[in-house]
Amino acid sequence: MSSRTPRPPSIPGSAMVTAQASRRSVLRALGLGSLALSSGSLLAACGGDSGGGPASGEGATVKFGINEAQGSGPAYDRLKAMADAYAKETGTEVSLNAVDHNTFQESINTYLQGTPDDVFTWFAGFRMAQFAESGLITDLSDVWPIDGLDDAFKQASTAPDGKQYFVPVSYYPWAVFYRKSVFEKNGWAAPETKDDFFALMDDMQGKNITPFAFGDKDGWPAMGTFDILNMRLNGFDFHMALMAGDEAWDGDEVKLVFETWRDLLPYHQADPLGRTWQEAATSMGNGDCGMYLLGTFVVDAIADVGDDLDFFTFPALDDTIGADALDAPIDGFCVAAAGQNQDAAKEMVKWLGSAAAADAANNGADAPFIAANSEASTSTYTDLQKKSVEVVSAASNIAQFMDRDTNADFANTVMVPSIQEFLKNPDDIDGLTSSIQQQANSILG
């Protein structure tokens, strides 16, 4: 089959639910500090005032802010390759501003309210909608439709006002990753039921292998564990309502999530707050740990064993709810409203959503991403990525990830420290959930 054979829709229609938070929820969140200045380091845009000028071609300039530091690995290499390809194809001068991922996210509000780059990397979901409602990003409705990006991706790029503010480039599922050779050596198989799952973890421990690699020094990785447990125990609709502030954080449902997580902690690496996600990935890659719940970007940290990786979706914990929901964040690009060259930015961002851009990215890095554009080549895809496309396409419900599905202040200032406190002291669940709810009342209303 040709590498350009059209693929099925890459994300189910339910993705629009996660991308289009209710207007009430977004406005409520915006009114309560979502644009407070970050305490993180400010992002400085490259170069001077780019002025107006032509939209593309010789004499045109565009500033491109990316959330990967130079030399950080395949993620940086892909974005750099896209910038280089666009400059070569159009003759436009592209000024690249590469910033490490955490600094970029922590400083995004001050960045957008200052002198931002014209085009910048960002995410679908509540995070995009907040910036749209606050006027910090540019309406890109005239950029759409984009060949190869289907209606589901358009919905994921749409804010509550019905306009598009985002151009997707890639997506990735969160799942339980493992090394095929380690499973084969030990006679293990991907679990299909809750009983299978616990039997597998017990057998791993019996063979002196820690079942789950785990690192939360960065603050956000453990959010993925909360997300999947909440969706498995309480269902997708409850999870999204909780993210929007329409369900109680101190209710029995959330307490059940933390109680279940507490029971699972002995199967995880100890002291996760001292370990980055890359270090946790290395523990799974070298065989010290049997599994790792993370996104497919795990390959970026252990590319040397990438061909040996496989994954399964987290099994059902309640048969009445099932296992058809998962996190599958969509990455892409926005145009900063305060950017100096709007026309050039729109020309570039439309190209960034094209099959040509995805191909340039994947040909320029050791590890390819899963392209949002259905016309992009899949020739560089690993078996892991081909499976990812199938799994995401088959999912009934897709969430974007906690820090993309809820208010940014709540995610960063409440949930990061709350989850980390839970990991240090998992026994005070009543106190934990009460504290979260009190803060949710202040931020989410």
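Side-chain atoms of Q130 and S134 form no donor-acceptor pair, as typed in the model, at a separation below 3.5 Å. No side-chain donor-acceptor contact under 3.5 Å links N362 and Y381.
Checked against the 6.0 Å centroid threshold, F333 and F64 count as a close aromatic pair. You'll find the ring centres of W122 and F166 outside the 6.0 Å limit.
Contact of the Q400 side chain with the F123 side chain is not registered, since no non-hydrogen atoms from C-beta on lie closer than 4.5 Å. Looking at L242 and N234, their side chains never come closer than 4.5 Å, going by heavy atoms from C-beta outward. Between M82 and L352 the shortest side-chain heavy-atom distance falls below 4.5 Å. T103 has its side chain within reach of D100: a pair of non-hydrogen atoms, C-beta onward, lies under 4.5 Å apart. Between Y292 and W277 the shortest side-chain heavy-atom distance falls below 4.5 Å. Taking 4.5 Å as the limit, some side-chain heavy atom of F198 sits within range of a side-chain heavy atom of M201. The shortest distance between side-chain heavy atoms of H101 and E68 falls below 4.5 Å. Two residues are said to be in side-chain contact when any heavy atoms from C-beta on lie closer than 4.5 Å; V335 and Y165 fail this criterion.
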Practice task
Begin from the C-alpha positions of F197 and F314 and carry the test ring-ring contact (aromatic ring centres under 6.0 Å, His included) through to its verdict.
Solution key: CA-CA 9 Å; F197 184 48; F314 202 96; 5.0 Å; yes

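Between D203 and K207, at least one side-chain N (NZ, or NE/NH1/NH2) sits under 4.0 Å from a carboxylate O, which counts as a salt bridge. With respect to K255 and D430, a salt bridge is recorded, a charged nitrogen being found less than 4.0 Å from a carboxylate O.
Considering every non-hydrogen atom in both A440 and W249, the closest pair reads CB-CD1, 4.0 Å. Here the closest heavy-atom approach between residue L326 and residue M231 is recorded as C-CE, 3.9 Å.
In this pair, F226 and H239 present their aromatic rings tilted. The plane angle is within the 30 to 60° band. Ring orientation note: the planes of F258 and W261 are close to parallel, at an angle under 30° on the 30°/60° scale. Using the six-membered ring where Trp is involved, Y172 and F297 have ring planes that are perpendicular, over 60° apart on the 30 and 60° scheme. Under the 30°/60° scheme for interplanar angles, the aromatic rings of F212 and H268 are found to lie parallel. Relative orientation of the Y178 and F183 rings is parallel, given thresholds of 30° and 60° on the angle between their planes.
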